[in-house]
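So you know, we letter chains A, B, ... as the sequences are listed, proteins then strands, and number each from 1. All values below come from the heavy atoms of this structure, side chains included, with hydrogens, waters and symmetry mates left out.
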Protein chains: 2
Amino acid sequence: MSAPTRRERLRATTLSEIKDGARRLLVTGGVEAISLRAIARDMGMTAPAIYRYFPNLEALVGALAGDLYDELRGIIEAARDAAGGKPVDQLTAMCRAMRHWAVAHPAEFSLIFGNPVPGVAAFTDACADAEHPGARFGAVFLAPFLALTRGAALPGPPADVLHQQLGCHLTPLTAKHGELPIEVAYAFLSAWTRLYGLVAMEVFGHLAWAVDSPGALFETELAALLGQLRGAPDGGPPAGNGDGPPAGSARH
Amino acid sequence: MSAPTRRERLRATTLSEIKDGARRLLVTGGVEAISLRAIARDMGMTAPAIYRYFPNLEALVGALAGDLYDELRGIIEAARDAAGGKPVDQLTAMCRAMRHWAVAHPAEFSLIFGNPVPGVAAFTDACADAEHPGARFGAVFLAPFLALTRGAALPGPPADVLHQQLGCHLTPLTAKHGELPIEVAYAFLSAWTRLYGLVAMEVFGHLAWAVDSPGALFETELAALLGQLRGAPDGGPPAGNGDGPPAGSARH
DNA sequence: TAGTCATAGTAAACGGCGTTCACTTCTGAG
DNA sequence: CTCAGAAGTGAACGCCGTTTACTATGACTA
């Protein structure tokens, strides 16, 4: 298994060249610009040859989405590892890395976090249990979140109200991560949807009518969110020691 | 100007028939399923005839997006008007109406609130100042929001910190609505992005890995959000007197 | 009423697309 | 050396958006 044959090497390079071409088209023209004929043309091939590597266009787009999930997850994990040991700094760096990647790669972000595209939807549904890419994302954010909120007075309704309102509707989340207190699970989902809403609205252009520099709004919102989690009175910034600007004006 | 000629009447009906067909295709197959040839086929026409009504496919999709904006805005305004005079009840009803429409019409929601689609992006950029559809949406939510938060102790950083961090980056929003205190503008944007993130994640299927009944999470989150705005200690539900379920399990 | 003219529609065509099928070339294992 | 299978080609089918030339017809005017 150690020595790949010559054919296997050629196949691997061709496969990655196909996905590189697909991503180039995605970046320049959006999802609908990805076409087998254009990819093959850029490679000096003909379109039917791609069918030796993917059963159809949708499967190619799905595989591309999977690669993008892994890429973003790696970036976020790297930001976490470079942020020191304090959970609040780790979470801050991870959220900033997420936004930074999304703003720098809007087409890629749209592919994996926007409208379900046929290929991506199939890819998302196919691995719905343990290896779901969204679930792995959640797990990455969940660990420092748990560390941060351990023993803290979380915002939101008290546990009994949560049990009454949410009941067992969070089982898909709690079943994956052992015994997760319901107030922690709720606080995590609340924070995750807040982060998503902020980043997605910026990337999709739905914030341009109201905000001049979305980066500033993001930093303010991030500070408020992490401050609320720690029970702070919504005060100062969360120790922006890492790479991101504590109160800057990120450029798009 | 009162009596439209026969030709004008025919033209109007044909135009709405075209948009009806486009919407039908949008609902059944997503944005990429909208095709001039399919619309014309359903109408018993040929595709080039549609060019008498729209310069190209993108313009048709943009017009459809504009209609959907108006439809959703009308529904939200109706929910507001049916919710009585208390701002908190109005906001509750409006948020519920927004989610209800989004869940009931995922394709339409995706078209106007998801990834920028060529035609929709052009439509969105074209009227970027006063008549921006997102801006009119914001205005609809802004009025009861202002009434609710008047004199209340808003969550989030104090005004001086906001001035330092956000500075004049909120001018696109404040310039449209007179003198808007910066803490109100920030609280409004924070609430709006939270609502968007919650609804968009549910509609796009990005919440299925964690939550069983997104409706329950929505109700909990909505109660917490409105409770925070009123300065309440994150307690009881916000007087669900209207139509929506106070703690129900909305079906998808 | 007869004439004119813009309007609404058609048919044909062009290029691009995903996908299939028959066919050729070439690699690598026995 | 042989040969099965992998990789790639070319042609074709049906779909698509869009353009062009052309026709019928409703509406206004002399």
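Following rounding to the nearest Å, B:Glu32 (CD) and C:dC17 (C1') show an atom-to-atom distance of 14 Å. Note: CZ (A:Arg52) to P (C:dT19) measures 15 Å, nearest angstrom. Atom-to-atom, CG of A:Leu60 to C1' of C:dC17 comes out at 15 Å; the value is rounded to the nearest Å. In this structure, B:Ile50 places its CD1 atom 12 Å from C1' of C:dG9, rounding to the nearest Å. Rounded to whole Å, the distance from CG on B:Leu36 to C1' on C:dG16 is 15 Å. When rounded to the nearest whole Å, the span between CD1 of B:Ile39 and P of C:dG9 equals 14 Å.
Summarising the local packing, NE2 of A:His100 is surrounded by 12 or fewer heavy atoms from other residues, nucleotides or ligands at distances under 6.0 Å.
Here the range on DNA chain D touched by chain A, meaning any atom under 4.0 Å from one of its heavy atoms, is D:dG5 to D:dA12.
Contact annotation: A:Arg37 side-chain N/O to C:dG18 OP1/OP2 distance is not under 4.0 Å. Contact annotation: B:Thr46 side-chain N/O to C:dG9 OP1/OP2 distance is not under 4.0 Å.
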- Task: Evaluate salt bridge (Lys or Arg N to Asp or Glu O under 4.0 Å) for A:Arg73 paired with A:Asp70, printing each intermediate quantity in order.
- Result: CA-CA 5 Å; A:Arg73 191 165 47 89; A:Asp70 287 341; 3.1 Å; yes
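Of the residues near DNA chain D, A:Thr14 and B:Asn56, the one whose nearest nucleotide (by heavy atom distance) lies more toward the 5' end is A:Thr14. Residues A:Pro55 and A:Ala38 both approach DNA chain C. Their nearest nucleotides, taken by heavy-atom distance, put A:Ala38 toward the 5′ side. Nearest-nucleotide positions on DNA chain D place B:Leu57 closer to the 5' end than the other of B:Leu10 and B:Leu57.
Side chain of B:His177 to main chain of B:Leu173: a donor-acceptor pair is present (N/O by atom type, distance under 3.5 Å, no hydrogens or angles). B:Tyr51 contributes no side-chain N or O that, together with a main-chain N or O of B:Asn56, makes up a donor-acceptor pair within less than 3.5 Å.
In this structure, A:Phe109 has its ring center closer than 6.0 angstrom to the ring center of A:Phe113.
Judged by distance alone, the side chains of A:Glu71 and A:Trp101 do bring a donor and an acceptor atom under 3.5 Å apart.
No contact: B:Phe54 has no heavy atom under 4.0 Å from any strand. Using a 4.0 Å heavy-atom cutoff across all strands shown, A:Tyr51 reaches at least one base atom of the nucleic acid.
A side-chain contact (heavy atoms from CB on, under 4.5 Å) with B:Val31 holds for exactly one of B:Leu64, B:Asn115, B:Leu111; it is B:Leu111.
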